Amino acid sequence: MLEPVMFTGGVYKHDLVIELVEDLGGYLLQKNVTQSEVILLLLVPAEDLRILEDLTKELRGELTRAPLAGTEVAVVTPTLAIHHLPHTACDVAEYLRRNGAKSNMIGLARGVGREIAQINEYETALINEHDAAVFLFGNFARCIIKKEELYKGINIPVVVTGGPEIPKGEMPYAFEYVSSVGRIAHRSKKANEIGNLDRIIAAVGRALDKMRADIEKDPLTTSPPRVMDAVREQVPDIERSYSPLPIALNLTGCRIKLPYEEYHDAIGAVRFDEGVKLKEIARIIPSRMKSYTLVRILPESETGMVF
Amino acid sequence: MDPLEVYKVEAPGEEFGAAKYREIILDILQDLGLVRSIGRLYVYIDIEKPYFAVYGMLRGSLPPLRVGDVADVVRTQEGYQVKVNEEEHLADMLRVLWEKYGRDKVEQPDRDLLTISSDVSPADLIVTDVDAEFRRDLTDALIRIAPEGFRNRRNEMTENSFLFIASEETITPELIEEVREKIRGMENA
């Protein structure tokens, strides 16, 4: 069982942390260096967490649990106009990030209004590439209920946020509804506003747990971090990707930020110690996001093995 | 406490939305520094139709800003010397002076000093129309406040009041009449 944690500390000697995690059989998901501080997102075997905690103490760093690490969450607003951004959307996205998720902000082209709101096939497919989605709606109950049309066709769990209290029965397609958020024209700074953000994180956590439980019924052939590690080792061009996170993990695979056309053969040919190639245990498909490559690991029922 | 004399927001059936829009409107008006110029504000939101209406009374209009208000004008041998006191208006003032006297007659020997070779005093020239600027800002604020989906808008501005209506549907004369009726009801309540 791998435990997702976030290490925050000085740049000095932080490579000791990375080395230790690799020695323990864990994975480094993301490394952010901001001047003299470094933030590492790590997956560490739960039974060895103590060793990392000791090293962190020695380095005067801080180790926190990041329950959403290794997932991608979409934050969806009706449009990117000033009415919806920046306050609520940025607060939610930032809070997801702080809890370890990779959050992507998506503004729909025509998501506004009560009668005229719509979503197109491309937007739906793009949101479906994530592990969970948070839809940010406004302050009027009747509009929020009506806007169900926007997320009806989405396969991943959708957490809907809005202002008023609405009984769950009114929104059958939402995984959960978080009230008292809605449209606000200032940053979240009061205690109750921060509390609302925590409730959104908790709801997203439950949505991801449900996804994990669903996957557990027919386990994946291998784990996404393992694919990430193998790709990093065998496709050296990934180091030249300008994205801050060249490989973003999903629950069922990963998004590799290299052009699909040029690299899908190289990615498919990545070989594991067990002697199988990546293309034999996963689907390698073009992502809807830019020209990236998406890897979707096949479940045991299709490949007949788990390693 | 509200900085406005009278501030009412009504949205039948959507009490939470009404309370929340109260905050949003105040936040946006404060951001744009418009609160002090508005005396009374009535907001009526009907989410069934749907439409969003704002009626406001303004607190008297401001006179336009003249060169004499923001600078000291002194008569010299060659013409006039203008010493700029409020630098934020310098760009607007230069534009006005160039228009009036021509570029070759206006010189700027120092950062806050202008000389004009002409016998006509620039003291009464209008630098900016503060009132027109306020109205522009107010319209911008109203567009920001109204729900984004309500794209059919109508804005009536008079000397001391404004009526703004935004809707998803076509705005008909009947709808305008209905809005006026509701606002009158709120005023008399």
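Order of the sequence lines fixes the chain letters, A, B, ..., with proteins taken first and strands second; residue numbering starts at 1 for each chain. Quantities reported herein were computed from a predicted structural model and do not represent experimental measurements.
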What donor-acceptor contacts under 3.5 Å connect chain A and chain B, backbone and side chains included?
residue, atom, partner, partner atom, Å
A/T79, OG1, B/E148, OE1, 2.5
A/T79, OG1, B/E148, OE2, 3.2
A/H83, NE2, B/I143, O, 2.8
A/H83, NE2, B/R144, O, 3.3
A/H83, NE2, B/A146, O, 3.3
A/H84, NE2, B/E148, OE1, 2.8
A/R114, N, B/E168, OE2, 2.4
A/R114, NH1, B/I47, O, 2.8
A/R114, NH2, B/E48, O, 3.2
A/E115, N, B/E168, OE1, 2.8
A/A141, N, B/E14, OE1, 2.8
A/A141, N, B/E14, OE2, 3.2
A/R142, N, B/E14, OE2, 3.2
A/R142, NE, B/E14, OE2, 3.3
A/R142, NH1, B/E48, OE1, 2.7
A/R142, NH2, B/P12, O, 3.1
A/R183, NH1, B/Y21, OH, 3.0
A/R183, NH1, B/I145, O, 2.8
A/R183, NH2, B/R144, O, 2.7
A/R183, NH2, B/I145, O, 3.4
A/H186, ND1, B/D27, OD2, 2.6

At their closest point, which heavy atom of A/I116 faces which heavy atom of B/G149, and how far apart are they?
CD1-O, 3.6 Å
B/A146 versus chain A, heavy atoms under 4.5 Å apart: side chain, backbone, both or neither?
backbone
B/I145 versus chain A, heavy atoms under 4.5 Å apart: side chain, backbone, both or neither?
backbone
What pairs with A/E176 under salt bridge (Lys or Arg N to Asp or Glu O under 4.0 Å), at least two apart in sequence or on another chain?
A/R206
